[in-house]
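Structure, as structure tokens:
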Amino acid sequence: MIKFFLMVNKQGQTRLSKYYEHVEINKRTLLETEVIKSCLSRSSEQCSFIEYKDFKLIYRQYAALFIVVGVNDTENEMAIYEFIHNFVEVLDDYFSRVTIHNSKEQFKPPSAKLSEGGTNEQHRVGKAQVLPSSVHTCCV
Amino acid sequence: MPAVSKGDGMRGLAVFISDIRNCKSKEAEIKRINKELANIRSKFKGDRALDGYSKKKYVCKLLFIFLLGHDIDFGHMEAVNLLSSNRYTEKQIGYLFISVLVNSNSELIRLINNAIKNDLASRNPTFMGLALHCIANVGSREMAEAFAGEIPRILVAGDTMDSVKQSAALCLLRLYRTSPDLVPMGDWTSRVVHLLNDQHLGVVTAATSLITTLAQKNPEEFKTSVSLAVSRLSRIVTSASTDLQDYTYYFVPAPWLSVKLLRLLQCYPPPDPAVRGRLTECLEAILNKAQEPPKSKKVQHSNAKNAVLFEAISLVIHHDSEPNLLVRACNQLGQFLQHRETNLRYLALESMCTLASSEFSHEAVKTHIETVINALKTERDVSVRQRAVDLLYAMCDRSNAQQIVAEMLSYLETADYSIREEIVLKVAILAEKYAVDYTWYVDTILNLIRIAGDYVSEEVWYRVIQIVINRDDVQGYAAKTVFEALQASACHENLVKVGGYILGEFGNLIAGDPRSSPLTQFHLLHSKFHLCSVPTRALLLSTYIKFVNLFPEVKGTIQDVLRSDSQLKNADVELQQRAVEYLRLSTVASTDILATVLEEMPPFPERESSILAKLKKKKGPSTVTDLEEAKRERSADVNGGPEPAPASTSAVSTPSPSADLLGLGAAPPVPAGPPPSSGGLLVDVFSDSPSAAAPLAPGSEDNFARFVCKNNGVLFENQLLQIGLKSEFRQNLGRMFIFYGNKTSTQFLNFTPTLICSDDLQANILGPTKPVDPAVDGGAQVQQAVNIECVSDFTEAPVLNIQFRYGGTFQNVSVKLPITLNKFFQPTEMASQDFFQRWKQLSNPQQEVQSIFKAKHPMDTEVTKAKIIGFGSALLEEVDPNPANFVGAGIIHTRTAQIGCLLRLEPNLQAQMYRLTLRTSRETVSQRLCELLSEQF
């Protein structure tokens, strides 16, 4: 099961976070700092999976943007790894080019894909099917 | 559906955002925001009613301001108003604001819930979708209370649109995760299972997630999902690469759905033969596809394909019943071990680790040993190396232990600091477990201390000493080896500890050699003394007094050392005390007394390796334990080797009463532990605390389990004492005779058995005990009767603690007394019809407890029958339509109530699994009986 989903830039700032398990706000900041630190310090030769406390981090880098997913240990790492890519492709389709910028569109990424801590396959082409919904954007 | 269309954009918002963007300073930004807030406030308060568009625009601005990190204390009402708009974009912004900003105890919650209710009933799929998303995003208990009953209805209604079903399934999943008690199982469950057959793959995917989570808690309720999942999987696997249109991802048909279906199947044991055949075909097809040339060169294609493959392998491992598939899985992973993708190598090592614990594939895994060792040496990523270490540990057995331990040791020299301690523990465990030759064991551990002394925990060196003490064949060698190792100019403190202890006990074995004469040994140890910490110095002082006993010729030298100011007036009170006492002991005591006081340590009782316990603790209880348990079973099967110490966790490192004295924590071997028999001075020092009950004796847990189905037999036995039991139970009363046999020829003094019950237990079972004679003659047996009454149902068992003095030593033994709930069973015979009628009456979910578990003993029908009868219930023949199943019935008698119990045991010979179901009128009783009985097979 997916515990949280983070988008982070290379400077270590959280750009988007979504939690599927209750974590207190002040603990989130701490968690995000640590998670980001462990991802940023890795080289491209290293694998994309990190054991972190009692869960696993799976991350991918897109230019200056890191997407990090925290999952419990029964989750299929490869499926999540590729899901991140699928997610980015959908974002790309939807917004034509994925950048983290400060626009109102930020309010409406398609989070139906990520619903409730599980990957939920979506049409990659039928973007109209993607229900815009709320992804809590962090302060930009 | 209106998504982001340019014409709909809110110009005012865009302008505001770009204003903020253009702010040069923080102050300018705050100024701009305050201006905007004032503007919005005045608009909201104004006389003129705002139209939906303006409201939406201002709410959006507020949301933006909130996301910039400012507090918003108004506008909630306007957002709630937006919920009842009929325009999608207005409603959407309303819901967005609510999800982000409204907390559950807001007074607006009633209005919000009302709006959600209206949308759920609107039959407009878009509105229903928004409402469901809002419920899921907030996901609070209050939301669950308000809507958990409604959503299942929407989910299974025939006329619900696909997209809404999808949202409803995920929303329900979210609510179930936060408040499982508020989502009642019911008629809808069987209909949810049929969503696996839905035409819309999105619905199937969402439903699979939901069912998987529900099935983990309620396996019985959802077991029909197995065959549906298999047939759905089979359709996906056999479909052509483009059949599934949008759900085909780079030529892989529905990869994530396949993964989810395979995961769902892992909630259950292997299915019935018919379904199983089909499943095996699917799994074979997935394995075959891995060998086919890829349909696309894109990495996305192979990633998706491999995701399915890894999940399929997990399922194969979970079932652990198809040798053919297991070996194929292993070969496939073997290929990945040399793949150029680091991710694949990592995952292959990880999966192979679980494969190694299956008896079918253990040998196949072993063939990859060279590749894995190579990975350990060349892999650039520490997490991959860590996996390689895990795998080597998992594949280790008698045949390759020496090679693996050697490789791990050599890796240790360069290993990353983060994983050293774990490697040290693993090496120590493997060396002990597979040591044929104990000289090899001693060498390995000393090497370990030499290479990574800082990472060698206390447990490791305690264990070496336990083993050396218990095996006389290795004592001389150990003494010689530590003596040589101590010659090194710089050696680790742990080595000094081991050296000090071993030379103190067995230094005499090498004293004949002039190169290791007593005086040389002493000087060697004493040369390290000043570099060591206080506990080590304390240990060395004990070694010195042992030397006084072993080698009278060095007595003078040692007395001089003890007498020196640095010892007698040491600032550390422990060291000072030892110096004073040992000096005194060496002067006043005769050689006979010295020899008695400083007699060689008695062998340590066998117990669970403290190192293993440490590794388990380090890794968390779940993963490693299972692996260990599996390995333990296997090592017995495959190697026929000696069974490692019993796994009773309660027996972890039994501290001896005087351990605290040394400040060594829970140190099992007590370096200075001469029996306090004589030497008036010492008795005070070693005064033990008879009030403290000993932890449970090793093996007590096993013995306890044996007594669940029988009433008479030997409960405990060691070199001194035997405890036998004879008991009878009628209805809620019982009487137990406990026989204590003194196996020695010496009298036991102060013999006091006490029954320790927790307060809880005390209230539930009453057991007055008559005291026994405090002196038990050598070879004699005394008897004690315990009367028991079961007042109400209970789960714990009382502990019998026995304390006595034997030859001046204080002995303390604790065993669990097998008084279990099932002893108060009265069998009830009934016909098939009656049985099923009662079975149905007990259909409340709390009344049923079920457990699915692997057989620990051979599955013999007659033995099983005997156990069920021994358990106390009646065995009902010809009741279950399936003759292989066992059913039983009985009544538990307590003083206050009689509790009817029905049980059903379904063996699955092929999988070597059992499913045990208990239905009784009381939840706690079902639970306890299920625990007790499931341990028996």
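Residue numbering restarts at 1 for every chain, and letters A, B, ... go by the order of the sequence lines. Quick note: numbers below take in every heavy atom, side chains included, and nothing from hydrogens, waters or symmetry partners.
- Using a cut-off of 4.0 Å between Lys/Arg side-chain N and Asp/Glu carboxylate O, Lys27(A) and Glu32(A) are scored as not salt-bridged.
- Ring geometry for Phe310(B) against Phe336(B) counts as tilted: the plane angle lies between 30° and 60°, on a 0 to 90° scale.
- Using a 4.5 Å cut-off between heavy atoms, Gln266(B) makes no contact with chain A at all.
- Looking at Arg345(B), neither its backbone nor its side chain comes within 4.5 Å of chain A, counting heavy atoms on both sides.
- With ring centers used as reference points, Trp256(B) lies under 6.0 Å from Tyr249(B).
- Ring geometry, Tyr59(A) versus Phe66(A): the interplanar angle falls from 30° to 60°, so the pair is classed tilted.
- Contact count against chain A (heavy-atom pairs under 4.5 Å) is highest for Asn343(B) among Thr212(B), Thr213(B), Thr342(B), Asn343(B).
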